[in-house]
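Take a look at the structure below.
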Amino acid sequence: VQLQASGGGLVQAGDSLTLSCAASGRPFGNYDKAWFRQGPERERELLTAITWRGITYHSASVKGRFTISRDNAKNTVYLQMNSLEPEDTAVYYCAARTQGLRVVTDPVYEYWGQGTLVTVSS
């Protein structure tokens with residue numbers, strides 16, 4: 001499966017932004033999906049995930065502000081980001097893995113999008 005992330009850009013603190021990740025190659029419904037980010041001089045971190053069954057996870061750093069959702073008919077997963085802060089500045093990546101026994105917090109994924117840059121100005 002190939003993933004294409006989009007929707008990044010320059011926003012101001014407090015703004016909202018929605019990222020999209022479109023999948024091609026195979027039906028997306030039976031995949032776990034996730035969003036990661038990597039900020040300047042930081043390691044890539046798992047932000048939020050949704051399993052193929054619909055179980056979701058949001059990390060403490062974004063819980064209450066970011067929401068993952070999916071539209072299996074459109075083969076797309078979304079990341080709604082609200083109340084953005086300068087610390088959210090990073091390259092955001094979508095990821096997917098075939099359904100299996102991994103728990104929703106497991107950060108190991110097989111397929112990766114190319115990343116989309118989000119810059120939040122103060």
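The model shown is predicted, which means the values in this text are computed figures rather than measured ones.
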How many angstroms lie between [atom1] in [X] and [atom2] in [Y], if you round to the nearest 0.5 Å?
| X | Y | atom1 | atom2 | result |
| --- | --- | --- | --- | --- |
| Tyr78 | Thr67 | OH | OG1 | 14.5 Å |
| Asp88 | Ser61 | CG | OG | 8.0 Å |
| Arg37 | Glu45 | CZ | CD | 4.5 Å |
| Tyr57 | Thr51 | OH | OG1 | 14.0 Å |
| Phe66 | Leu19 | CZ | CG | 8.5 Å |
| Phe28 | Tyr111 | CZ | OH | 10.5 Å |

Quick check against the 3.5 Å criterion: does [X] have a side-chain atom that pairs as donor or acceptor with the backbone of [Y]?
| X | Y | answer |
| --- | --- | --- |
| Thr116 | Gly8 | yes |
| Asn72 | Asn75 | no |
| Thr89 | Glu87 | no |
| Glu110 | Thr98 | yes |

- Any Lys/Arg nitrogen of Arg53 or Asp32 sitting under 4.0 Å from an Asp/Glu carboxylate oxygen of the other?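 No, Arg53 and Asp32 are not salt-bridged.
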If you compare all heavy atoms of [X] against all heavy atoms of [Y], which two are closest, and at what distance to 0.1 Å?
| X | Y | value |
| --- | --- | --- |
| Leu3 | Cys21 | CB-SG, 3.8 Å |
| Leu84 | Arg65 | CA-NH1, 4.0 Å |
| Gln99 | Asn30 | OE1-CB, 3.0 Å |
| Ser122 | Ala13 | CA-CB, 4.3 Å |
| Ala23 | Val1 | CB-CG2, 3.8 Å |

- Taking everything shown except Gln12 itself, do over 12 heavy atoms lie less than 6.0 Å from its CD? no
Side-chain heavy-atom pair [X], [Y] within 4.5 angstrom cut-off:
| X | Y | value |
| --- | --- | --- |
| Arg26 | Tyr31 | yes |
| Val118 | Leu17 | yes |
| Thr56 | Thr48 | no |
| Tyr93 | Gln38 | yes |
| Ser59 | Leu46 | no |
| Val108 | Arg102 | yes |

- Query: Would you say the side chains of Ser69 and Gln80 form a donor-acceptor pair under 3.5 Å?
  - Reply: no
- Between Ser16 and Asn82, does any side-chain donor sit less than 3.5 Å from a side-chain acceptor?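 Ser16 vs Asn82: donor-acceptor pair found between side chains.
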- Message: Centre-to-centre under 6.0 Å for Phe36 and Trp112, is that the case here?
- Response: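 Distance test on ring centres: under 6.0 Å, yes.
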When clusters are formed by joining ILVMFWY residues with side-chain heavy atoms under 4.5 Å apart, either directly or through shared neighbours, do [X] and [Y] land in the same one?
| X | Y | answer |
| --- | --- | --- |
| Tyr109 | Val62 | no |
| Val104 | Ile50 | no |
| Trp52 | Val77 | no |

- Message: Checking Arg44 against Val91 for the side chain to side chain contact (heavy atoms under 4.5 Å, CB included) test, could you report, in this order, the C-alpha distance in whole Å, the side-chain angles of both residues, the deciding distance, and whether it holds?
- Response: CA-CA 9 Å; Arg44 187 177 296 184; Val91 178; over 6 Å; no
- Item | Audit row: His58, Ile68, side chain to side chain contact (heavy atoms under 4.5 Å, CB included) steps and yes/no | CA-CA 8 Å; His58 294 80; Ile68 190 170; 3.9 Å; yes
